[in-house]
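Worksheet for the structure shown next.
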2 protein chains.
Amino acid sequence: MKSDLDNQLENHGLDALLVVGPAQHNPAMTYLTGNVHVTDALLVKLRGKPPVLFFNPMERDEAAQSGLPTRNLADFPLSRYVRAAEGDQARGRALRLKDVLAAAGFTKGKLGVTGRVEFAPWYSTFQALQEVAPEITVAGQEAQNALLAARRTKSEDEIAHIRRMGQITTSVVGRVADFLSGRRGKDGLLVKADGEPVTIGEVKSLINRWLAELGAENPEGTIFAQGRDAGVPHSTGNPQEPLRLGTTIVFDIFPCESGGGYFYDFTRTWCLGYAPDDALRLYEEVRAVHDQIIAELKPNALCRHYQRRTCELFAQNGHPTSCESHGLQEGYVHSLGHGLGLDVHEPPWFGANSSPENRLEPGVVFTVEPGLYYPERGMGCRLEDTLWARPDGSFEILADYPLDLVLPVRK
Amino acid sequence: MKSDLDNQLENHGLDALLVVGPAQHNPAMTYLTGNVHVTDALLVKLRGKPPVLFFNPMERDEAAQSGLPTRNLADFPLSRYVRAAEGDQARGRALRLKDVLAAAGFTKGKLGVTGRVEFAPWYSTFQALQEVAPEITVAGQEAQNALLAARRTKSEDEIAHIRRMGQITTSVVGRVADFLSGRRGKDGLLVKADGEPVTIGEVKSLINRWLAELGAENPEGTIFAQGRDAGVPHSTGNPQEPLRLGTTIVFDIFPCESGGGYFYDFTRTWCLGYAPDDALRLYEEVRAVHDQIIAELKPNALCRHYQRRTCELFAQNGHPTSCESHGLQEGYVHSLGHGLGLDVHEPPWFGANSSPENRLEPGVVFTVEPGLYYPERGMGCRLEDTLWARPDGSFEILADYPLDLVLPVRK
């Protein structure tokens, strides 16, 4: 939680943290400023002190909405620093940064730097900072680790954001189900009133429209993949393809709050009209593991235990699993889940060899998403819910939705 | 243009380019792969050779859609490298990167690195790469400069993408105008049929919905700011605020293709119902400068000339300008425009002291957006169009839309 950040900075040997970039679609910045419309800023946090937000003069109002103490970057005109650096942009930015850090009270020690930004210019800036301020040590990985460790457990306020995204997500999934069920089957395809087939692209366009209507964004797209593509976990589906009856469709949706805030992550597998026997068997196996794993969740248990347990359950039915071999292309090919928050994928991690800090400690939000993939047999199945490890030791699915495989369509 | 990239790498002393991160919302990667759904990849381009895309096994299909030669990262299992680095993540990633680069034929020389990513882990990775592969020199700024120099001029194909975004943008602006004009004024506010005021938040929500419907995304939000907020260029407007009649509204909209491709950038200033005299005067001054500057555009002219000319024109009418003083909060406070492409703001730059490579060479796409801001007087005005410097020497506004100030409403 955010209140752990000072401890985590200390654990990772950092005296201060510098976050660069915009406040939108930049988890480290959004975490500390909230979802405000700041497009370029510098946030300096000394260990044990509140963060200070250095803003560009045109964004003074938006910066103020963060509720943080602010400073105007107009007091540090970049052009002056670049002149002092004889036109060397990176060195100019480094000289300015040195002054900004000093204004925030930081002149020496270990500085963790982070932010989702264009890597190239910042890399050169920090290389130059090491030259113009040798008494400052720049650290990357430690900053990332400290922040992700704090972010791993969520506050009630963060849960409210994720829960709201869960409601939006499942409400859009419901609209998609209604839209598909309201169409009829014809010659093995799903068709509209005019007899034209419904395409994957049409469905995706509706999803984006409904998400926007409900206040969400879909920066990473949606997976809506059928048949062979459903058997390739990250295949997003071919927009030109008409929807076929009796074929597994993996529908994985992971939108975030408008402006780049908290995510939700959710998957269902559907067969339109009816399910052939082999698709039904695949589904029933995945469904059994999904339910079993959720029933077995225990507070503070190691995440890797559940990955190993999932492999064990699938292996009992003769499926190849990622616990046994690397780079699999069929069977159970990925890991059971991942943490979720301002990133759609964040700690805790569920790899079979993930380290012991990846555990179901109270406050974590994570997905459970077992799946089986057989592209050569033209099918795949995944079922995913997002859960919260509650402070009382129980586990809560943050947005309920039926797990049914068959989505009936009109005759 | 992309065909200039090898020359630009040479100009910037680079033997190869490494782009990291996803293909979506990551301009450097999207530029070279197209808008494909790859969430994490490594692209290596040796000077004079086509790029090679190293993909994660789950994304093989999506990687193939780039049309580039591809390599599977399953052949470089990270866990093995991290073990070899005795658990040091950054060093493990660096060892892997060294092998990936070698597989692409790069073992020594100057490597430009870029990509829009989490800065922290990549900073540590490249610090470690300098240790494990001292014969490779990592360069940031040069990579950025080389890529931006190539991206500065657009191909016909890129123009088609931007033009399509211009059509979507102005079509949404038209829908917003129709929506507002269809409502009536009451006690100085714009109200719906039920007598409830229309809020800025409602308008923004419609904008997002219509953009999604038409296949666009709005990752950076929309400026819809009235009165005092219209007088603060980057103020995005308060969603709770009801729309007032006879007040300047700055409507600045800058969406991109769904999945993170090309942007468009467009601003109109509106007064609902009627315009008070001072708002009309402000608008007429901005309008005159907008028209004058566009009429004066000449192929290959320096961008800074137009910023100076804009300052001159506004100063003649007694406005403070950013050419004379830094960090202004009223008058003409920003620069005339910016290049536009896979970033909403990219070269060429229009600052009064921008360097001579910022010029209107054939192929550049840029905005012209003069504005005047008087927050204390409760008003602001900006008019912005996106133009293409055509190969034939003429300049084309990529999406036409009326410039009118007053938007009539129902009585």
Side-chain angles (χ1 to χ4, degrees), chain A residues 20-22 24-25 28 37 39 56-62 72 74 77 79 89-90 112-124 126-127 138-141 143-144 147 205 208-209 211-213 215 217-221 229 232-236 258-260 326-327 329 333-334 353, chain B residues 20-21 24-25 28 37 39 56-62 72 74 77 79 89-90 112-127 138-141 143-144 147 205 208-209 211-213 215 217-221 229 232-236 258-260 326-327 329 333-334 353:
Chain A
V20 299
Q24 302 200 298
H25 297 285
H37 193 270
T39 63
N56 282 298
M58 291 214 293
E59 302 186 330
R60 61 187 183 278
D61 290 355
E62 307 296 324
N72 194 334
S79 52
Q89 295 281 332
V113 295
T114 185
R116 187 172 297 162
V117 287
E118 285 299 337
F119 183 77
W122 282 105
Y123 182 75
S124 296
F126 287 109
Q127 296 282 88
V138 173
Q141 190 69 52
Q144 176 82 345
L147 260 167
S205 164
N208 285 339
R209 177 175 140 189
L211 284 170
E213 209 176 304
E217 258 182 70
N218 204 16
E220 312 203 15
D229 291 351
V232 182
H234 274 209
S235 172
T236 56
S258 202
H326 187 84
Q329 307 206 337
V333 305
H334 52 63
N353 299 308
Chain B
V20 298
Q24 302 200 296
H25 297 286
H37 193 269
T39 64
N56 283 298
M58 292 215 291
E59 301 184 333
R60 61 186 182 279
D61 289 356
E62 308 295 325
N72 194 333
S79 52
Q89 295 282 332
V113 295
T114 184
R116 186 171 298 161
V117 287
E118 284 299 336
F119 183 76
W122 283 106
Y123 182 74
S124 295
T125 301
F126 287 109
Q127 295 281 90
V138 173
Q141 189 71 51
Q144 175 82 346
L147 260 166
S205 165
N208 285 339
R209 180 175 136 187
L211 285 170
E213 212 175 301
E217 260 184 67
N218 204 16
E220 311 203 13
D229 290 351
V232 181
H234 273 208
S235 175
T236 56
S258 202
H326 186 82
Q329 307 205 338
V333 306
H334 52 65
N353 298 307

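Model, not experiment: these values are computed from the prediction.
If you measure heavy-atom distances from A:Glu213 to chain B, the contacts under 4.5 Å come from both the backbone and the side chain. Only the side chain of B:Ser258 comes within contact range of chain A, with at least one heavy atom under 4.5 Å from a heavy atom of that chain. Of the atoms belonging to A:Gln141, heavy atoms from both backbone and side chain fall under 4.5 Å from chain B. For A:Val20, no part sits under 4.5 Å from any heavy atom of chain B, backbone or side chain. Heavy atoms closer than 4.5 Å to chain B are found in the side chain of A:Asn72, but not in its backbone. For chain B, the nearby part of A:Gln24 is the side chain; its heavy atoms alone come within less than 4.5 Å. Only the side chain of A:Asp229 comes within contact range of chain B, with at least one heavy atom under 4.5 Å from a heavy atom of that chain.
Across A:Val113 and B:Ala120, no two heavy atoms sit closer than the pair O-CB, 3.3 Å. In this structure, B:Glu217 and A:Asn218 approach most closely via the heavy-atom pair OE2-O, 4.0 Å.
Atom CD of B:Glu59 sits about 9.5 Å away from atom OG1 of A:Thr236, to the nearest 0.5 Å. Atom CG of A:Asn353 and atom OG of B:Ser79 lie 7.5 Å apart (nearest 0.5 Å). One distance of note links CZ of B:Arg209 with CZ of A:Arg209; it measures 6.0 Å at 0.5 Å rounding.
Taking the six-membered ring where tryptophan is involved, the planes of B:Phe126 and A:Tyr123 are perpendicular, since the angle between them exceeds 60° and thus also 30°.
Of the listed residues (A:Ala74, A:Ser124, A:Ala143), the one with the most heavy-atom contacts under 4.5 Å to chain B is A:Ser124. The residue among A:Val138, A:Leu147, A:Val333, A:Leu211 with the most heavy atom pairs within less than 4.5 Å of chain B is A:Val138. Put simply, of B:Gln127, B:Gln144, B:His37, B:Glu118, the one with the most heavy-atom pairs under 4.5 Å next to chain A is B:Glu118. Options A:His25, A:Gln329, A:His334 differ in how many heavy-atom pairs under 4.5 Å they form with chain B, and the most are formed by A:Gln329. Between chain B and the residues A:Pro22, A:Pro219, A:Ala139, the largest count of heavy-atom pairs under 4.5 Å involves A:Pro219. Considering only heavy-atom pairs separated by less than 4.5 Å from chain A, the leading option among B:Gly221, B:Pro233, B:Pro57, B:Gly115 is B:Gly115.
No donor-acceptor contact under 3.5 angstrom links the side chains of B:Thr39 and A:Glu220, judged on distance only.
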